[in-house]
Colleague: 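Below are the structure tokens for one structure; questions will follow.
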Amino acid sequence: MPHSVHSIRRVHIPDIRNIGIIAHIDAGKTTLSERILFYTGKVHRMGEVDEGSTVMDFMDQERERGITIMSAATTIYWKSKRINLIDTPGHVDFTVEVERSLRILDGGVVIFSGVEGVEAQSETVWRQANRYKLPRITFINKLDRKGADFFGTVEMMKDRLKVTPLVLEFPLYREDKLEGIIDVVDMKAWRWEDEKGIEYKAIPVPDEYVGTARKYREEVIDKVSLYDDEVVEKFLKEEEIETSILKRAIRKGTIKSDFYPVIAGSALRNLGVQKVLDAIVDYLPSPLDVPPASGKKPGTDEVESRESDPAGPFSALVFKIVADPHGKLAFVRVYSGEMHKGDKVFNVNTNRLERLSKIILVHANKRHEVKSIEAGEIAAFVGLSDVATGHTLTESKNPILFEPPQLPEPVIFTSVSPRTIADQEKFIIALNKIHEEDPTFIVKNDTDTGETLIYGMGELHLEVIMERLRRESRVDTRVRDPKVSYKETFTQKATAEGKFIKQSGGKGQYGDVELLLEPSEKFEFVNEAKANEVPKEFLGPIEEGIKEAMCSGSLGGFEVLGGKVTLISGSYHEVDSTDIAYKIAASKAYKEAYKKANPVLLEPIMEIEITVPNEYFGTILDDINTRRGDVRHVEHRGDVTVIEALAPLANLFGYATDLRSLTSGRGVHFMQFYKYEQIPEKVLQKELESIRGY
């Protein structure tokens, strides 16, 4: 077995794996990560989530709540390969951590619980990974637990994810106790010998498992024969296919995402973890195996790409910011070239050149300084002050602009204030620091009331942030009950003219535009005015004015979503026309047209999955109906029923407590944002009164 490695050492790009561990909450991500650290020699003691002793969940709140809140990165070695590993959160309120990690990774390990199978959020993280075309292996965990069903979970992958699972291992039981796994690639059984799972050895496949093992091996050969002529040749000649040839073919198909290898085990029981590491090394891509990173030439739509080559021009994407007492840490994925400590790096988004004071490889909350970083690596930069999540860093003479991670819209908000005036400055600094780290947490100032409003992804998200304020910044706050973050849109065409004219002897201000608003799912600005009506140099300010007006709709003061806005005509003054005049004129025209375009209020609809014992099924259905819910799917799994429904967020505050009460503490649920939808007319007035009375 591989020996322990503690030092940082340079490896060639083909020997790098940039991997994320992603899954539904409670599937065992952090437990698996902790075992991986132990077996690769990174730590000398396995951390336990239940004990609050984990390395990867290093925040106090993570250990207390038993959940991952911030993605943690570490660098480990296995069989001479360097694995840059990111453990991501499973709770939907912290989905931004998953999103920005997936944006910069080359492969993933998706964990499914062998007991619950493929759950609603399993589908969510799978779709997130699909968006980034991420090759994956899958680990079916918790196979030591009562009710675990390995092959049932494989079938759920086919049915719910619409993918081709490739079973490479399945569990070995002795008298209902998990003892090891059957490996169909090398046709061996592996049995774990000691409690810590350090010693494991190959044994012949037990007689009762031989038939199943042969069936799945033939399935592997059939699926991978498309990728390797040698597999086909040996199969047709009925020759033995060597393990190395089979693995080579499996790797090719995995990297193309044509199928997804399935491996088995129990992270908590220390069984099968080394085989996960083997699969990462054997089947997941190096930076050279994935397509070159593509971006745009700054200021144009011209697409460019960067090969994963240390000799190429430097390029990197900032995917995470951590505000550190010793200086801001900008976590980056380097796509090409190399960068040395002390070099200057160009931020394409801000058009600024800044000096890099340190380069750090991170292990959870510990740091190891290095002199340089090159293509394919992940590290943290220190010394960049004006940098944010999604920024592209390059050489100034060879810029490229990469697409940033997609960030979800916050769906709830609340009013918050410090308990003492003395804490006001500290309070604002702390909120801005958290926003820097987490762009889905948004801070706004209500100009009408003077209140500070904070927006987030859910009740837990805002709760965790308030706790961070108290612990990290020592600021006690007053917080009102959270409210729904509504949006607005319009449903009819409308036109309006906006003018801003001021003349006072000297140079004045002159802006005049006429706008047409048309319903559309996405915002679009189109210019149909003639150049002698509105010169092209004023189109930018006009669009700015429109977007500014869209920040506050006339129904409830909420952001307006979508809509096509056409500049029909206007006029200008050769001397007095200015950017600011056209910006104000456009804003006035938009607001006027919006009032005439039949504005409507939109509310966030949540997708909710509820698992309850069968005897509570009727009670829960009745409760969903009272919340304006729409039941989409019901599935009976043994003695429990899984209900999938859609319901307005406004009717789901405190649902965890209500569900516990309705099911004597035996029901569990998972909830995530689905879409914004128009509020029915019959409840609109009540909602508007509630909003205005906030």
Side-chain angles (χ1 to χ4, degrees), residues 1-2 39 78-79 109 114 136-141 143-144 148-155 157-158 164-194 197-255 258-266 269-284:
M1 285 181 286
Y39 296 128
W78 186 256
K79 291 186 173 175
V109 179
R136 279 147 274 176
I137 59 173
T138 64
F139 176 57
I140 299 182
N141 191 23
L143 294 174
D144 60 308
D149 183 354
F150 175 84
F151 294 109
T153 303
V154 171
E155 288 306 308
M157 287 176 66
K158 292 178 188 173
T164 303
L166 191 69
V167 174
L168 305 186
E169 301 172 5
F170 61 90
L172 164 62
Y173 291 102
R174 288 281 189 215
E175 297 174 357
D176 293 333
K177 185 187 174 189
L178 183 67
E179 276 203 353
I181 55 104
I182 310 289
D183 186 329
V184 305
V185 177
D186 56 18
M187 283 301 281
K188 291 176 187 171
W190 292 91
R191 189 170 65 201
W192 272 256
E193 303 284 295
D194 65 312
I198 298 169
E199 297 298 326
Y200 60 104
K201 68 178 184 182
I203 59 170
V205 177
D207 292 344
E208 65 268 36
Y209 287 104
V210 168
T212 307
R214 282 184 180 150
K215 173 193 161 191
Y216 282 102
R217 191 170 203 273
E218 284 168 14
E219 199 173 284
V220 169
I221 291 168
D222 180 53
K223 294 277 194 329
V224 306
S225 58
L226 294 169
Y227 304 95
D228 201 300
D229 292 340
E230 207 170 345
V231 173
V232 180
E233 193 180 313
K234 285 182 175 283
F235 178 71
L236 292 174
K237 290 180 179 177
E238 297 186 356
E239 293 177 6
E240 183 61 34
I241 302 173
E242 292 93 330
T243 299
S244 60
I245 295 171
L246 212 46
K247 284 185 175 180
R248 185 176 69 202
I250 294 168
R251 179 180 176 79
K252 288 177 185 173
T254 303
I255 290 170
D258 288 343
F259 49 69
Y260 301 90
V262 183
I263 49 185
S266 167
R269 296 285 165 259
N270 311 318
L271 197 151
V273 177
Q274 293 94 334
K275 301 295 283 180
V276 175
L277 284 161
D278 288 345
I280 289 171
V281 164
D282 290 339
Y283 306 127
L284 288 177

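Quick caveat: nothing in here was measured; it's all calculated off a predicted structure. Just so it is clear, the values below take in all heavy atoms, side chains as well, and ignore hydrogens, waters and symmetry mates.
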Colleague: Please tell me if the side chains of Ile250 and Asp282 come closer than 4.5 Å, counting only heavy atoms from C-beta onward.
Modeller: no
Colleague: Would a distance-only check, ignoring hydrogens and angles, find a side-chain to backbone donor-acceptor pair under 3.5 Å from Thr254 to Arg136?
Modeller: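 No, because the side chain of Thr254 does not come within donor-acceptor range (under 3.5 Å) of the backbone of Arg136.
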Colleague: Any ion pair linking Lys252 and Asp258 (charged N to carboxylate O, less than 4.0 Å)?
Modeller: no
Colleague: Under 4.5 Å between any side-chain heavy atoms of Arg248 and Asp228, yes or no?
Modeller: yes
Colleague: Mind telling me whether Phe170 and Tyr209 have parallel, tilted or perpendicular rings, with 30° and 60° as the class edges?
Modeller: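 Aromatic pair Tyr209/Phe170 classed tilted.
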Colleague: Is it true that Lys177 and Glu179 make a salt bridge, defined as a side-chain N closer than 4.0 Å to a carboxylate O?
Modeller: no
Colleague: So, does Asp186 use its side chain to make a donor-acceptor pair with the main chain of Thr243 at under 3.5 Å?
Modeller: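 Absent.
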Colleague: Contact between Pro206 and Ile182 at the side-chain level, heavy atoms closer than 4.5 Å - yes or no?
Modeller: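 Yes, at least one pair of side-chain atoms sits under 4.5 Å.
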Colleague: Short question: side chain of Arg191, backbone of Lys201 - any donor-acceptor pair under 3.5 Å?
Modeller: no
Colleague: Determine whether the aromatic ring centres of residues Tyr227 and Phe259 are separated by less than 6.0 angstrom.
Modeller: yes
Colleague: What pair of heavy atoms forms the shortest contact from Leu284 to Arg251, and how long is it?
Modeller: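 Heavy atoms of Leu284 and Arg251 come nearest at O-NH1, 2.9 Å.
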Colleague: Let me see the working for Met157 and Val262 under side chain to side chain contact (heavy atoms under 4.5 Å, CB included), right down to the final yes or no.
Modeller: CA-CA 10 Å; Met157 287 176 66; Val262 183; 4.2 Å; yes
Colleague: Rounded to the nearest 0.5 Å, how far apart are NZ of Lys188 and CD1 of Ile203?
Modeller: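 Reported value, rounded in 0.5 Å steps: 12.0 Å.
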Colleague: With a 4.5 Å cut-off on side-chain heavy atoms, are Val224 and Leu166 touching?
Modeller: yes
Colleague: Test Gln274 against every option in Trp192, Trp78, Tyr39 by the side chain to side chain donor-acceptor pair (under 3.5 Å) rule and name the one that passes.
Modeller: Trp192
Colleague: Any heavy-atom pair between the side chains of Arg214 and Val205 that's under 4.5 Å?
Modeller: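 No, side chains not in contact.
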Colleague: Can you confirm whether Tyr260 sits close enough to Tyr283 that some side-chain heavy atom of one is under 4.5 Å from a side-chain heavy atom of the other?
Modeller: no
Colleague: Is there side-chain contact between Leu172 and Trp190, with heavy atoms separated by less than 4.5 Å?
Modeller: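 With C-beta onward as the side chain, the pair stays apart.
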Colleague: For Lys79 and Asp278, which heavy atoms make the closest approach, and how far apart are they?
Modeller: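 Closest approach of Lys79 to Asp278: NZ-OD1, 3.0 Å.
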